[in-house]
Each structure stands twice: as C-alpha cells, then as structure tokens.
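In what follows, a structure is listed as structure tokens, so that the remarks can point back to it.
Values reported hereafter were calculated over all heavy atoms of this structure, with side chains retained and with hydrogens, waters and symmetry mates removed.
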Amino acid sequence: MSPAHRPIAAAIAAAALAAGGVVASAAPAAAASGDLLISEYVEGLSNNKAIEIYNPSTQAVDLAAAGYKLQVFFNGGATAGFTADLTGTVAPGDVFVFAHASAAPAILAQADQTTASGLFNGDDAVALVKGTAAVDVIGQVGADPGTEWGTGLTSTADNSLRRNAGVGVGDADGTNPFDPAVEWSGYATDTFDGLGWHLTPSDPDPEPVADCAAPPTIIGSVQGSGAASPIQGQDVLIEGVVVGDFQTGGYDGYYVQDAGDGDPATSDGIFVYAPGGAAVNPGDSVSVAGDVAEYYGLTQVVSGDVEVCATGQALPTAAELTLPATTAQREALEGTYVTLPQNLAIGETFEYGRFGTITLTNGRLDQPAAVVEPGAAANTLAAANLENSITLDDGRGSQNPDPALHPDGAVFTLEHSFRSGDLVQNATGVLDYRFDTWGVQPTEGADFTLANARTGVPDVGGDLKISSFNVLNYFTTIDPTPTNDRDDDRTRGADSEEEFQRQQDKIVAALADIDADVFGLLEIENNGTAVKALADALNAKVGAGTYVPVTTGVIGTDAIATALIYKPSTVTPVGGYQLMTSAVDPTWSDDRHRPALTQRFAASESGDEFVVSVNHLKSKGSACAESPDLKDGQGNCSASRTAAAKALTNWLNTTVAPDGRAIVIGDLNSYDHEDSIDAFVAGGFTDLEKQFNGEHAYSYVFDGQLGYLDYALAQPALTADVSGVEAWHINSDEPSLIDYDMSFKQPAQDALYAPDPYRSSDHDPVIVGLNLTPDTTAPTIEVTADPELVWPPNNGMRTIEFTIDAADDRGEVSVELTEVSDTGARASWTQVDDDTFEVTAVFGAVYRFTWTATDAAGNTATDTAEVVVGR
C-alpha cells in the first residue's frame, strides 16, 4: 500500500498525532451540567469523521488530567465499542478537534488528535465522557435508529452538525430520545469549514458601518509582518480594490488590496469573509467594516458591512512571485494579486478531482531519499522542495467541483487534459493560505504547454518480458457497505459492479498492451480467486489460455496479496511456488509484510531458468512500534523493511536461486537511497532501474515529488541477460480524476473515463526485458586508419590513429587487437595506446592491423585496416 496523500507542507512539517485505542466499556453515568460540550459533528464519506469539543469556561482544561475521553456505541450497543482517551489542553473559548487519521486534509488541518480506528456512522451514539460520567451525548445509547437520528440535512448520517450558538450545556443523559433539530443545525455531506471555531452566545455581534468617506485602516497594519494579524478580534475599516471575487463556489468572500504602506514585509491585500453579503466585482473600490480574524492560518476581515465606492478601477500590477520562495516571502504577499512568471511543472494532481487543486513545482522535484542519503541531506532537500512548490487552486472551496477546470481556465476533458510534468506559466490570481498550503486562487487561465505526452509501451528488447504491476486493490468482492468504512480493512476495492467493471477494464487494457510473459501483481484481493478472475478477463481480450495464474489460495493474513500470472506458451513453472515468511526466517515480520511469492520458471525456447520473487513490503504511511519514523526521510518502518530485505536476499542467494538467476520485483515502499535497498545491493542484487535509467527514474509521484517504489532487482547471472528496464508512465503522471473510482465525483466527472491503460493504478508498471534464446549472431566491427596512405617515404616515424566501431544486437561487445603484420625489409611499428600506433615510413611497406570483436555469448567478428607507405 502506498503512503496516503497530504499536501507537501504537511508531509514535511506535521508531527504524528496520537491515536486512541479500542476499548469496550459500560455506558457512562450522567455528569453535572456546565462542562465541555460537543460543538460540531462530522460524519462524511469514507473516513471523513470528526468531533469538535468546545470549552465554554474561563479556564483552560487539561483533557488527560481531567480524564476526558470519547466513546462510540455502535449500532444501538449499550457498551462502548470504541474509547479514545483525549490528550491536550483546550483554552477558554477554544475548541479541540478529534478526527480519523485518514480524513480529508481540511479536517486534518484542524485536528488536535487522531485515530486510525474505525469511527462512528449515522446509527452510532457518540459520548463525551469525563471520568466515568457523560457530559454530552449525540444519539441515544442502547437504541438503534436504523440509519440515523433526525432527517434531511439535520441528521447524523452523511452530514455535518453544528451546535446552535444558544446552547451552552451538553446533553449529559445518553438514554433519552435524541432529535438533532432541537439543538443542532445541519449541513451537507463533507462540509468542514466550521471545524476549528465555535460561535457562542458570548461572542460579540457588532454591526460596523462601511464608509467610503472615512479614513481607512491600512491593510498592511492589519496583516502585520508575522504569520498572524497583530490586531485579531478588533474592528477595522479597510478600503481597497477587489482583486479576486470568490463569493460563489464555497469561499464566500473576496480579496481587497490597497495602495500599500511601503513596507515590503507586510501584505497589502486581505480576504474579506462575507457569506450572503452584497455582491462585488473585480475592479470595485470598496469600503469594508468588520472584525479581524485568523481562519486556517489565513488572515481575514469578517465583513459586517460593505459600501462600493467606485467601479471599473484598474487592478494593481500583479506582483511576480518566483520559486523558490520562503514562507516569509509568501506571507508578505498573502491576499494580494500575484503572477507566477516561471514555466513551472505540474507536480501533484492527487487532489485535483476532489478539491480542484494541483501543485506547481520549479522543475520536476525528486523524492529526497531517491537521490540523496537519508538524514541531513534528505531533510535539506525536503525543505528546498517545499520552497520550490506552490498550489494552484481553482477558486472554489466546494468538494468534487463541477466542471473540473484545466489550468488554462478551460473545462477539463479527456481530449483537453494534462499530466504531471506538463508546464504552466503566468498563473495569475490571489495568493492565499488554506489547509496548511500556500496557493494561488486564479482569476484567469494560465499558459499551458504539453511537455510530458503519453508514450507507447517501452521497448525493453529481449525475447521474454517480466512486469511488476500494482493493480490498486483489485477486489472481486464488492464492498457490501460502501458508506461504512469499518470493514474497509477487508473490502478495499470497488463499491459497485459498475465500478468493478471500470477498474477491471483499465487494468486489462494495460496488461494486454504490456504483453509480458510473466506478470507479478500487487494489491490483489487475498481470497484465492481474484487472480484467476483477472487472468480470465485478460484472456477474454487477448485470447483463451494466453495466461494462467500460479494458484496459491489465500496467503498470509492481509486483505491484499501478491500474485503471478504467466504465458504457458513461453515459460513453464519449475517446481511449486515458495513463500518467504517468518517460518523461513524469523527476522521476516508476517505482521508487516505480505509473503514474498516466489516461483522458478524455464523459458520454453531456450530452457534457461530464472526465479521471480514478487514482494510488497510495509508502507511508510502507518507506524511500526518497533521501527518508528526517525525523521531522516525514510518514513515509518524503515528498519522493518531493511530486515525483510536482508532475509529475502539471504534466502534467494543460498536456497532458492544459488545459480544467481533471481529477480525481485514489486512495491518495496522504499526509495533507492534507503537502507532496505542498500541491503539488496549489499546482497549482490543490481538495481536495474537505476542501471538502465539513472538516478531520476520514477514510477510514483507523491507530494509532487518523483521516485520509484516499484523495483526490479536482479542477481548477477540474470543481470547479464537483461536487455532493458523501464517504467511505463501510464499512472503516476495522470490525474486520478480519470480513474475508475466513482466516489467523490459528480456525474460529469464520472463520465471522464475510458477503458484504456491510463490511471489504471497509482503506480507505474515496471517492464524488464530478458535475452534467453541462444545468441548465434556475430557482432559487427569496422576499422579505419588515418591516414591510410603515408607520404613521403622518408624513413621517419608516422602516427596512425584507428577508429573502431563495434556493436552487438544484444548489448555490450569487447574489442581487442589480435594481429599486426607488415611487409618490407625495414618495416617496423610501435603501439602508443589502444588505438594509436607509429609506423616507419619505408617506401613500399604495408602494415595490416586486425581487431576482433566478441559479444557476451562468445560470437566474434574481425576487421583489418591496411596502411601503405609511398604507393
């Protein structure tokens, strides 16, 4: 499994949040009123779950010291099926957010504590407990409502609920009937913009008055020179030109910029939050009265009143923002009209379909541990990558936006799309900071250049091909509860038959085009039958009986497994399959890694044998207690992956393939400078991708950075037979919007689908070519002398230089001088270096120099160059 996506800033800077444990306990007794209360409840799609807790008191509350915990009572249960002990401090008038660790970035940006355990659904009661007593309960403990409490938007299923401002005391009686409409307001699925703050009865509700004739406060003094406004909570009157209008689309506001204060450290623009406010347009000069606030790190004025002073005003000149840019440089331009003049590469597209965002990078960026050693060098490059990256948003805060917008401002279609590596120049709009990410909200389309066009299947040569292919949770078992994420550890694939067919068609199209003789498959359902189903679907396209699976049944305990399919017409299994597990080597962790599926094959034509070992090692995304993240660029569980690499290499070298003809393929969840890959190399394996494609090879894009997690590592004897290796970039560079998944998409975006190889997975397949048939073709060689005719024949020494061109259809060829002959009574010669000689210029002398070329199979060819004196 690949690491979960987050914005690049969060991936580099955010610390891990504490996870709650699952504990069964009895229903709590009721506590006294006047305590903390639940102020917001988010029950969104997938793992978008969060509970916000508000402190209405005048004293800070230490949650752990006071014994606060959250409990979930599943499906009408009378005892808690989940308990999380809360940690941290809640300031007076502030909130604390508890969320699922795999929730959307907008939730995680506000989360104070997370858990990876399954949280609540609409039919589960949620209790905030202090010690053994409840202080607030959503739902009714011991009662199963069927699907939800409430109706419509004001219900507990697939909605967000916010506590009304007039409610200051929680509902401590978890046994009474629950109607959310009494104290809560409902919002649509995956509405997160209320998390992180709570409007209470004590909040002031001023009614400031805008006045174009009154002297305004300079925006720079509101912004200040730091990350937050120095006058938060104060009423201000500002005036400036509207440089970006985002009142529709979810942001509910606009940006205003004034003439400036002359201080380059303070921004001259600011966001005006004005939901339901008077309409304004770019070029309007406006006076805005309101309250200064910080929201998701964005300084804003919450509008109480606006007056349009003039219309049709010229916008200020867009400030040029170039990468790399520090946080301070960006902070000084927050809320202002900017342009990005460089030709920037499209980096990350993972959140494009869901949130309309892409990242732009100053050139294509490498994963640090893919090009430098873990530790200080990797951390330095990570910081540099952050300064060389910026988000290009779409001016909309809503999820699953329709239509999806191309960076050039047009509608995204299959015919008008883009890929990572394509170029965007002159992106222009307003610079802001949302969800821990600096981004440009565009006010016009950017210039776009297609720089990374799709390619056909790479030609890796050879007469047999092996391919590693991650099939991204290909499950023949359809998720029976697609809106319930508590069973997602077992049913990770398609949510419907339609989704499954879309997924299968894309995978089959890619496999058919690659046409490998052996496929190693990853992330396939571990039910013993999914691999046959995929082989059958592939055969329906390419011909009955073309592929057969290595039949293993269920292997290991994870929901996903590795698998092998092969062409019986070109290769034959030799013996049965073998598995690397802790039973073979106790240093291999069965809890961390899927069993390494290993099979020896013989080529039908030549009889040459080789071993394929398909592996999927532990991901970086979740922690290993015995192998924590050392903050050196290798992520979680590096030591566990390294132990697995050592165990596997030892087993292959000594037991399975002592003939040196094994290849390890699959997702090793490590970049090539990490310790685990060093262990493979130390064990005698060659990293074929690096050998054939260099340091910047890639098969995966994460946080806009390139690297490869998908490997082909070969023992020496087999390395000699490798004709070529390449990743086919059909997945990593493609936006996920065009994949099979129909979640988080409007109907128009569901239609952005084609049964072709593109975005059939999130990892690129790696293809290896092997030369296994006997090589009987001689190499070619051509030798030329300069000069061929020596004049004058003065009996002196003359320098002769030779050019030797030798080649072989299967790779490298060696060349050696095998014979020199001369005629003439006083002829003589001397070798200066490999291709330079001196000859005596004796009249009538003839010198003949013969070279022999030899290929890896021992085939030879010769050529002779003749040098004549004075004829």
D558 vs R492, test: salt bridge (Lys or Arg N to Asp or Glu O under 4.0 Å). Steps then yes/no. CA-CA 11 Å; D558 199 3; R492 304 180 186 178; 3.0 Å; yes
Evaluate D675 against K646 for salt bridge (Lys or Arg N to Asp or Glu O under 4.0 Å), listing each step before the verdict. CA-CA 10 Å; D675 295 345; K646 292 178 179 178; over 6 Å; no
Give the C-alpha distance, both sets of side-chain angles, the deciding distance and a yes or no for side chain to side chain contact (heavy atoms under 4.5 Å, CB included) between V457 and I767. CA-CA 9 Å; V457 180; I767 309 169; 4.0 Å; yes
In sequence, state the C-alpha distance, the side-chain angles, and the governing distance for Y711 and V664, and then conclude on side chain to side chain contact (heavy atoms under 4.5 Å, CB included). CA-CA 7 Å; Y711 281 82; V664 172; 6.0 Å; no
V542 and N539: side chain to side chain contact (heavy atoms under 4.5 Å, CB included), yes or no, with the steps? CA-CA 5 Å; V542 299; N539 288 338; 4.3 Å; yes
Start with the C-alpha distance between Q367 and F702, add both sets of side-chain angles, then the distance that settles side chain to side chain contact (heavy atoms under 4.5 Å, CB included), and finish with yes or no. CA-CA 8 Å; Q367 287 286 347; F702 180 71; 3.6 Å; yes
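Counting only distance, with no hydrogens or angles, the side chain of S638 and the backbone of Q634 share no donor-acceptor pair below 3.5 Å. Although no hydrogens or angles enter the test, the distance criterion places no donor-acceptor pair under 3.5 Å between the side chain of T686 and the main chain of L688. Side chain of S496 to main chain of E499: a donor-acceptor pair is present (N/O by atom type, distance under 3.5 Å, no hydrogens or angles). Between the side chain of R641 and the backbone N or O of N669 there is at least one donor-acceptor pair closer than 3.5 Å. One N or O on the side chain of N379 and one on the backbone of K631 form a donor-acceptor pair closer than 3.5 Å. At least one donor-acceptor pair under 3.5 Å links the side chain of R759 to the backbone N or O of N731. Checked by atom type and distance alone, the side chain of Q705 never pairs as donor or acceptor with a backbone atom of L365 at under 3.5 Å. In this structure, K49 contributes its side chain and A103 its backbone to no donor-acceptor pair below 3.5 Å. With hydrogens and angles disregarded, no donor-acceptor distance shorter than 3.5 Å links the side chain of D710 to the backbone of V766. Between the side chain of E348 and the main chain of F350, a donor-acceptor pair closer than 3.5 Å is present.
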Which pairs would a plain distance check flag for residues 573-581, meaning a side-chain donor or acceptor within less than 3.5 Å of a matching protein atom at least two apart in sequence or in another chain?
residue: Y577; atom: OH; partner: T552; partner atom: O; Å: 3.3
residue: T581; atom: OG1; partner: A583; partner atom: N; Å: 3.2

Identify all side-chain donor-acceptor contacts of residues 723-730 below 3.5 Å with residues at least two apart in sequence or on another chain.
residue: S723; atom: OG; partner: V460; partner atom: O; Å: 2.7
residue: S723; atom: OG; partner: G461; partner atom: O; Å: 3.4
residue: S723; atom: OG; partner: G462; partner atom: N; Å: 3.1
residue: S723; atom: OG; partner: G769; partner atom: O; Å: 3.2
residue: W728; atom: NE1; partner: T455; partner atom: O; Å: 3.0
residue: W728; atom: NE1; partner: G456; partner atom: O; Å: 3.1
residue: H729; atom: ND1; partner: D764; partner atom: OD2; Å: 2.8

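Inspection of the S676 and D678 side chains reveals no N or O donor paired with an N or O acceptor under 3.5 Å. S627 and S640 share no donor-acceptor pair across their side chains, judged by distance under 3.5 Å alone. A donor atom on one side chain and an acceptor atom on the other are found under 3.5 Å apart for T476 and N527. Checking D591 against S589 by side-chain atom types alone, no donor-acceptor pair falls below 3.5 Å.
With respect to K541 and D505, no salt bridge is recorded, no charged nitrogen being found less than 4.0 Å from a carboxylate O. Salt bridge present: E626 and R592 bring a charged side-chain N and a carboxylate O closer than 4.0 Å. Remark: K567 engages D515 in a salt bridge, criterion side-chain N to carboxylate O under 4.0 Å. Remark: K620 engages E674 in a salt bridge, criterion side-chain N to carboxylate O under 4.0 Å.
The closest side-chain heavy-atom distance from S743 to D495 is below 4.5 Å. Between L381 and V371 there is a side-chain heavy-atom pair separated by less than 4.5 Å. Contact check for Y566 versus V550: side-chain heavy atoms found under the 4.5 Å cut-off. Within the 4.5 Å cutoff, side-chain heavy atoms of N48 are placed close to those of I107. Using a 4.5 Å heavy-atom cutoff, the side chains of F469 and I514 are in contact. The closest side-chain heavy-atom distance from L706 to H696 is not below 4.5 Å. Inter-residue side-chain proximity for I565 and V548 is flagged as unmet; no heavy-atom pair is nearer than 4.5 Å. Side-chain contact between L770 and K465: absent, with no pair of heavy atoms (C-beta onward) separated by less than 4.5 Å.
Looking at every heavy atom in both residues, V97 comes nearest to A50 through CG1-CB, 4.4 Å. Counting all heavy atoms, side chain and backbone alike, G707 lies closest to A370 at CA-CB, 4.1 Å. The two atoms that bring L617 and A644 nearest to each other are CD2-CB, 4.0 Å, heavy atoms only. The nearest pair of heavy atoms linking K506 to Y758 is NZ-O, 2.6 Å. Closest approach of A99 to L119, counting heavy atoms only: C-CD1, 4.1 Å. Nearest approach of L597 to L564, heavy atoms of both residues: CD2-N, 3.8 Å.
Taking CG of L718 as the start and CD of E609 as the end, the distance is 12.0 Å to the nearest 0.5 Å. With rounding to the nearest 0.5 angstrom, the CG atom of D479 is 3.5 Å from the OG1 atom of T491. The CD1 atom of I560 lies 9.5 Å from the CG atom of L472; values are rounded to the nearest 0.5 Å. With rounding to the nearest 0.5 Å, the separation of OH in Y698 from CG in N693 is 11.0 Å. In this structure, CG on L108 lies 8.0 Å from OG on S102, to the nearest 0.5 angstrom. With rounding to the nearest 0.5 Å, the separation of CG in N615 from NE2 in H593 is 9.5 Å.
For residues 681-699, every residue pair satisfying the salt bridge (Lys or Arg N to Asp or Glu O under 4.0 Å) rule, not counting sequence neighbours, is listed here: D672-K690, K690-E695.
Ring geometry, F685 versus F680: the interplanar angle exceeds 60°, so the pair is classed perpendicular (tilted spans 30 to 60°).
Proximity of the aromatic rings of Y740 and F500 is defined here by a centroid distance below 6.0 angstrom, and this criterion is not met.
Because its NZ or CZ atom is not both nearer than 6.0 Å to the ring centre of F610 and within 45° of the ring axis, R661 does not count as a cation-pi partner of that residue.
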